[in-house]
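A short worksheet on the structure shown next.
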Amino acid sequence: MRRPVIAGNWKMYKTVKETLHFIEQFKGLVGNSNHCDIVIAPPFTSLSAAVNATRCTQIGISAQDVFWESEGAYTGAISVSMLVEVGCRYTIIGHSERRQYFGESDEMVNKKTRAALSANLTPIVCVGETLAQRENGQTQKVIQAQCRQGFSGLTAKDFSHTIVAYEPVWAIGTGRTATPDLAQEVHQFIRCLIQEEHGGIVAEELRILYGGSVKPDNIKGLMAEADIDGALVGGASLKPDSFAAIVKF
Ligand code: PGA
């Protein structure tokens, strides 16, 4: 059985003060829920405060990005050891906004994923097609290329510490969620790809999250699908009550 993961990606929202306020309320709402892994990814500036505020809870803290070099003259970049030092356990990698606005390629996603794994950080690696790619019938081709290059060189052990997030770009922040059927189709496709390249056990154990306009009223349908193991939530993770409702799907 794959343990579900519900992760909130706050993007460029929330100061330290707002982060602490959220966590205080959210902890009360989720109580001792223990049926899934709960992850929150605040901005870098809030990571340390978020880790401290969630000590002795079931909530894990994630970064939204990381750089692959261990140190050096890379203005603005953050290394895996810096994240580990503040108590981060996960990092999102290759979000479509990073790909779109910051020019991230699959090769960069691969370097970041390997760097995260080398430091025992769990990478949450995002893949997904744009609307144009879907309409041109290229969804599978795009996902296949993103997975092949993004996961190049990963071992079976690496995969056991890796989470994949399928996020169709046309569903992110648009209110246009993929239907459970449509999401399931791609999740199954991803699992088959991983099976072909890395074997049945790796594929069977890999957790694949869906992301793109996940809300309290559509999470249940998505979670009912065989290959959907959780959600990566943007907008609806910013309010304690809506994120808690998603956690309690
Ligand atoms: P959304 O964002 O839930 O606001 O669509 C999801 C994401 O970007 O991870």
Side-chain angles (χ1 to χ4, degrees), residues 2 4-13 36 38-41 62 64-65 90-106 109 123-147 150-151 162-194 206-239 241-249:
R2 297 182 292 269
V5 186
I6 303 290
N9 171 14
W10 284 359
K11 311 191 180 186
M12 201 172 70
Y13 291 100
C36 67
I38 306 172
V39 179
I40 296 176
S62 173
Q64 297 176 16
D65 184 35
Y90 305 79
T91 179
I92 299 171
I93 293 174
H95 189 280
S96 64
E97 286 149 17
R98 298 291 320 170
R99 295 176 188 259
Q100 186 181 350
Y101 304 126
F102 301 92
E104 283 193 12
S105 64
D106 293 324
V109 168
I124 303 175
V125 184
C126 305
V127 298
E129 80 287 2
T130 63
L131 185 59
Q133 288 164 336
R134 173 158 286 270
E135 286 174 345
N136 290 330
Q138 295 174 319
T139 299
Q140 295 198 349
K141 196 175 131 223
V142 169
I143 304 279
Q144 184 166 32
Q146 289 174 338
C147 288
F151 300 136
T162 299
I163 296 173
V164 177
Y166 168 56
E167 299 208 306
V169 179
W170 47 270
I172 295 176
T174 57
R176 204 178 144 180
T177 331
T179 60
D181 279 2
L182 187 151
Q184 164 61 20
E185 197 179 301
V186 180
H187 281 233
Q188 193 177 27
F189 175 72
I190 294 171
R191 207 177 296 287
C192 286
L193 271 181
I194 302 295
L206 180 67
R207 295 187 289 180
I208 308 176
L209 317 185
Y210 168 78
S213 299
V214 173
K215 305 279 182 260
D217 63 1
N218 58 28
I219 183 69
K220 211 172 166 158
L222 290 160
M223 291 305 287
E225 297 292 338
D227 289 291
I228 300 183
D229 307 312
L232 182 54
V233 186
S237 72
L238 292 170
K239 294 228 165 71
D241 54 349
S242 63
F243 193 45
I246 293 172
V247 164
K248 293 177 181 169
F249 63 89

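Count residues from 1 along the sequence.
Nearest heavy atoms, Phe243 versus Gly8: CZ-N, 3.4 Å. Taking all atoms of both residues into account, the shortest heavy-atom contact from Ser96 to Ile172 is OG-CD1, 3.2 Å. When all heavy atoms are compared, the tightest approach of Val109 to Gly150 is CG1-CA, 4.3 Å. Ile219 and Phe249 make their closest contact through CG1-CB, 3.6 Å (heavy atoms, listed as atom of the first residue, atom of the second, distance). Between Tyr210 and Ala171, the shortest heavy-atom contact is OH-CB, 3.6 Å. Minimum heavy-atom separation, Ile190 to Cys147: CG2-SG, 4.4 Å.
Here the side chains of Met223 and Pro4 are in contact, with some heavy-atom distance below 4.5 Å. Side-chain contact between Val164 and Arg207 is absent, with no heavy atoms from C-beta onward closer than 4.5 Å. Between Thr91 and Ile124, every side-chain heavy-atom pair lies at or beyond the 4.5 Å cut-off. Side-chain contact between Ile92 and Ser62 is present, with heavy atoms from C-beta onward closer than 4.5 Å. Side-chain contact between Val169 and Glu97 is absent, with no heavy-atom pair separated by less than 4.5 Å. Considering only heavy atoms from C-beta on, Gln146 stays 4.5 Å or farther from Phe151 through its side chain. Gln133 is not listed as a side-chain neighbour of Thr139, based on a closest heavy-atom distance of 4.5 Å or more.
Put simply, the side chain of Ser213 gets close to the backbone of Gly175: a donor and an acceptor are under 3.5 Å apart. Checked by atom type and distance alone, the side chain of Glu167 never pairs as donor or acceptor with a backbone atom of His95 at under 3.5 Å. Distance alone, capped at 3.5 Å, places no donor-acceptor pair between the Arg2 side chain and the Ile228 backbone. For Gln188 (side chain) and Glu185 (main-chain N/O), no donor-acceptor pair under 3.5 Å exists by modelled atom type. No donor-acceptor pair closer than 3.5 Å links the side chain of Asn136 to the backbone N or O of Gln138.
Taken from SG in Cys192 to CD in Gln140, the straight-line distance is 9.5 Å, to the nearest 0.5 Å. Separating the OG1 atom in Thr179 from the CG atom in Asn218 is a distance of 11.0 Å, to the nearest 0.5 Å.
Remark: the Gln64 side chain and the Trp10 side chain contain no N/O donor-acceptor pair separated by less than 3.5 Å. Looking at Gln184 and Asp227, their side chains do bring a donor and an acceptor atom within 3.5 Å of each other.
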Next on the checklist: One pair to check against side chain to side chain contact (heavy atoms under 4.5 Å, CB included): Arg134 and Val186. What are the steps and the verdict?
Outcome noted: CA-CA 11 Å; Arg134 173 158 286 270; Val186 180; 3.8 Å; yes
Item to check | Pair Ile6-Ile38, side chain to side chain contact (heavy atoms under 4.5 Å, CB included): steps then yes or no | outcome: CA-CA 5 Å; Ile6 303 290; Ile38 306 172; 5.6 Å; no
Item to check | Evaluation steps, salt bridge (Lys or Arg N to Asp or Glu O under 4.0 Å), between Glu104 and Arg99 | outcome: CA-CA 4 Å; Glu104 283 193 12; Arg99 295 176 188 259; over 6 Å; no
Next on the checklist: Assess the residue pair Tyr90 and Ile163 against the criterion (side chain to side chain contact (heavy atoms under 4.5 Å, CB included)); give the C-alpha distance rounded to whole Å, side-chain angles, the decisive distance to 0.1 Å, and a yes or no.
Outcome noted: CA-CA 9 Å; Tyr90 305 79; Ile163 296 173; 4.1 Å; yes
Checklist entry - What do the steps show when you test Lys215 against Thr177 for side chain to side chain contact (heavy atoms under 4.5 Å, CB included), and what is the final call? => result CA-CA 9 Å; Lys215 305 279 182 260; Thr177 331; 5.6 Å; no
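Between Tyr166 and His187, the ring planes are perpendicular. Angles over 60° get that label, and only those under 30° would be called parallel.
The environment of Phe189 atom CZ is dense: over 12 non-hydrogen atoms of other residues, nucleotides or ligands sit within 6.0 angstrom.
Here the options are Val233, Leu232, Leu238, the test is side chain to side chain contact (heavy atoms under 4.5 Å, CB included), and the partner is Asn9; only Leu232 passes.
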